[in-house]
Amino acid sequence: MGTTSSILREQELNEFRKLNPDEETDFELPIPPEKRKLTDKKGFVIFGILMLILVPFMIYTLVKSDIRRIRHGIDSCGNICGVKNSKVSGVECSGQDYTNMPYVKVNVLTNEKSCTDECPPGYIQGDNSCYGGDPFTGDVSIESVDLWVYCLNLWWKFIIIALITTVLCSLTLILFRYFPGVLVWGVSILSLIVAIALTGIFWWAVTQTRSGDPDKPGFIALALISTIFTISITILFIFLFRKLQLIILLYKETTKAMFAMPGIIFLPILTLVLQLLVLALLVTTTTFMGTSAELKEIENSGNYFYETNGVVKFTMVFNVVVTIWALQFFAGCQYMVIAGSVGQWFFKGDPLKAPIATSFTNTMRFHLGTIAFGSFIITLVAIIKALIKSLISNARLRWLVDCCCGNIEALLKFLSKNAYVETAIYGQSFLRSGRRAAKLLITNLGSVIAINYVGDFILAMTQFLILAISTAIAYGIFLNESFVVLPTVFAFILNLLIVLIVFSVFETIVDTLFICFCEDTALNDGSESKPFKMTTGFKQFMDKSQQVYERN
C-alpha cells in the first residue's frame with residue numbers, strides 16, 4: 001500500500017484531474033455530473049468522417065442493387081424469373097417477360113439456368129428453384145442445396161434455445177450470490193467430470209468407426225482436442241485446489257454489488273439486442289450490395305453473369321469495418337455504464353439512489369466520444385492485423401503475425417476497459433484515464449496477477465458448463481429433424497454469444513472493483529480522517545490474494 005501512496009501523490013492526482021495547486025483537493029468519487037465535461041471530441045470527429053465516406057458509397061451500391069435476383073433467381077442471361085424484365089443495353093437476350101415463369105431451372109452439370117413455369121420430371125423442386133440435369137444422377141438434393149433455408153425455418157426453436165441459455169445464465173448468477181461456495185466447488189468438480197466423459201465418448205466413437213470411414217479423422221481430432229483439454233483443466237484444478245476459498249470470497253463481493261443493483265443484469269441483454277440489430281443491418285446491407293452488379297458476358301458464349309465492381313467491394317469491406325467498430329462501441333458503452341454504477345456502489349455505499357441511471361446519463365452526456373475513440377483504436381488494430389495477414393502467404397508467418405497482433409489487440413482491450421473505468425470515476429479523457437489505469441495496474445501488479453490467477457479458471461469453467469448443457473439441450477430439440485449437426489452448431493454459436501455477453505457483467509464488476517480498490521488505497525490510508533471505502537470482505541480477499549501470489 002505504501003508503494004501505491006508514494007507513486008500516486010497528491011500533486012500527481014491534481015495533474016491527472018487538471019487542477020491548479022490552490023484548488024480544493026477534497027472531492028467526491030465518482031465525480032458528480034455537474035463537475036464533468038465532454039471528453040474526447042475527436043471520437044465524434046472520426047465517426048463523422050467515416051460516415052461521410054461510407055454514406056455516398058452505400059447509396060451508390062443500394063441504388064444499383066436488385067434483391068429480386070436472390071428472391072426469384074435469374075437465368076443465364078441475367079433475367080429475373082417471375083417478373084417482367086427491363087431491356088439492358090447491349091444484351092440482346094435481356095428484357096424477357098417471365099411473369100408466368102417463377103422457377104429457375106438449374107442444370108447442375110452445365111450450370112445453365114433458365115426460367116420455367118414448373119419443374120420438369122427428373123428435377124427436384126426447391127424454393128423457387130429446380131435442380132437436376134440430363135443425365136441427372138440425383139447427387140444433388142434439396143436438403144444440400146437449401147440447407148441454409150432449412151435452418152432458417154427452425155427460427156422458433158432457436159428462440160427457445162436462446163431463452164433456455166439466458167435462464168441458465170441468470171440462475172448461475174443467482175447461485176453465485178447466495179451459494180458461492182457450493183457453486184465454485186460444484187463447477188470445479190462437474191467441469192472435470194464432463195470433460196472426462198466427453199473425452200471417453202469421443203474415443204469410444206473412434207473405436208466404433210470403421211477404418212476408411214470419412215468421419216473417423218474428425219472423431220480422432222475431437223478426441224485428441226478433448227484429451228488435451230481434460231489434462232489441462234485437471235492440472236489447473238490440482239494447482240488451484242487450495243485457492244478456491246479466495247475465489248468464493250471474490251465472487252461473493254462481486255455479487256454483492258450486482259444484486260445491490262439488480263437492473264445491471266439487463267444491460268448485457270440491451271447490448272445483445274443492439275449488437276444483433278447491427279449484425280442484422282450488416283447482413284441486410286451486404287445482401288443488397290451483393291446484388292449490386294453489372295452484366296458481363298462469359299467469353300462470347302451468349303451467357304451472362306453479374307460481376308461486382310471495385311466500388312461495391314470497397315463499400316462492403318468498409319461496411320464490415322464500421323460494423324466492427326459499432327459492435328466494439330456498444331460493448332464499451334455497456335462497460336462504462338456498469339463501471340460507473342459499481343464505482344458509485346463502492347465509494348458511496350449501499351443503498352444508492354438510481355446508480356445505473358446516473359451512470360447511464362453520465363456516459364450518454366459526457367463520454368460517448370471516449371468510447372468511440374477507444375473502440376476505434378481496437379478496430380484499427382484489427383484492420384491492420386487483417387491487412388498484414390492478407391499480404392502474407394507463408395502459413396508460419398501468418399501464424400506469427402496473428403499471434404503478435406492478437407496479443408497486442410488483447411492488451412489494448414484490457415487497457416481500454418480499465419481506461420473506461422477511470423473515465424467513469426473521474427470523467428477524464430481516454431488517453432489520460434488510460435495512463436492512470438496503467439500506472440495503477442503496474443503498481444499493484446501482484447494483485448492483478450492474483451485476481452486473474454484465481455478467478456478466470458472458475459469463470460471459464462462455469463461458462464463451459466453452461467455451453468455444454470445448453471448445447472446438449474439444443475441437440476435434443478433438433479434430434480427429430482432431418483438434419484441435426486448444422487442446426488446444433490448454429491445453436492452453439494448462439495449460446496456462446498449469449499454466455500459471453502451475460503458474463504461480461506460479472507467480469508466488468510470484478511475489474512471495476514479492483515480499480516476502485518487501487519484508487520481507495522491511493523486516496524485513503526485507513527485513518528479516521530481518510531477511512532477506506534472498500535468492504536471488509538473485499539479487503540480480506542485482496543490481502544489473501546497478495547499472500548497467495550507471494551507464497552508461490
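Basis for what follows: all heavy atoms, side chains included, without hydrogens, waters or symmetry-related copies. Because the structure is predicted, anything quoted here is derived from the model rather than measured.
Side-chain atoms of Asn495 come within 3.5 Å of backbone N or O of Ala491 as a donor-acceptor pair. No donor-acceptor pair closer than 3.5 Å links the side chain of Ser375 to the backbone N or O of Gln328. Looking only at distances, a side-chain donor or acceptor of Thr508 sits under 3.5 Å from a matching main-chain atom of Ser504. Formation of a donor-acceptor pair under 3.5 Å by the Arg36 side chain with backbone atoms of Asn362 is not found in this model. Under a 3.5 Å cut-off, the side chain of Asn319 and the backbone N or O of Thr315 do not form any donor-acceptor pair. Side chain of Glu422 to backbone of Asn418: no donor-acceptor contact under 3.5 angstrom is found. A donor-acceptor pair is defined here as one N or O able to donate and one able to accept, closer than 3.5 Å; no such pair exists between the side chain of Thr512 and the backbone of Ile509. Side chain of Trp325 to main chain of Ala372: a donor-acceptor pair is present (N/O by atom type, distance under 3.5 Å, no hydrogens or angles). Here the side chain of Ser470 pairs a donor or acceptor atom with the backbone of Leu467 at under 3.5 angstrom.
Between Thr423 and the options Ile371, Asp40, Thr370, a side chain to side chain contact (heavy atoms under 4.5 Å, CB included) holds for only Thr370.
With contacts defined as side-chain heavy-atom distances shorter than 4.5 Å, the pair Phe288/Thr284 qualifies. At a threshold of 4.5 Å between non-hydrogen side-chain atoms, the residues Leu440 and Phe514 do not count as touching. For the pair Leu327/Leu279, a side-chain contact is recorded, criterion being any heavy-atom separation below 4.5 Å from C-beta on. Considering only heavy atoms from C-beta on, Met316 comes within 4.5 Å of Val312 through its side chain. Looking only at side-chain heavy atoms (C-beta outward), Cys516 and Ile425 come within less than 4.5 Å of each other. Residues Ile408 and Leu412 have side chains in contact (heavy-atom distance under 4.5 Å, counting atoms from C-beta outward). The side-chain heavy atoms of Gln428 and Thr39, taken from C-beta on, include no pair separated by under 4.5 Å.
The six-membered or imidazole ring of Phe464 lies near that of Phe229, with a centre-to-centre distance under 6.0 Å. For Phe158 and Phe478, the ring centers sit closer than 6.0 Å to each other. Aromatic pair Phe57/Phe314: centroids less than 6.0 angstrom apart. Taking the six-membered ring for Trp and the full ring otherwise, Phe176 and Phe506 have centroids separated by under 6.0 Å.
With respect to Glu519 and Arg436, a salt bridge is recorded, a charged nitrogen being found less than 4.0 Å from a carboxylate O.
Geometric assessment of Lys42 against the ring of Phe373 yields a positive cation-pi assignment under the 6.0 Å and 45° thresholds.
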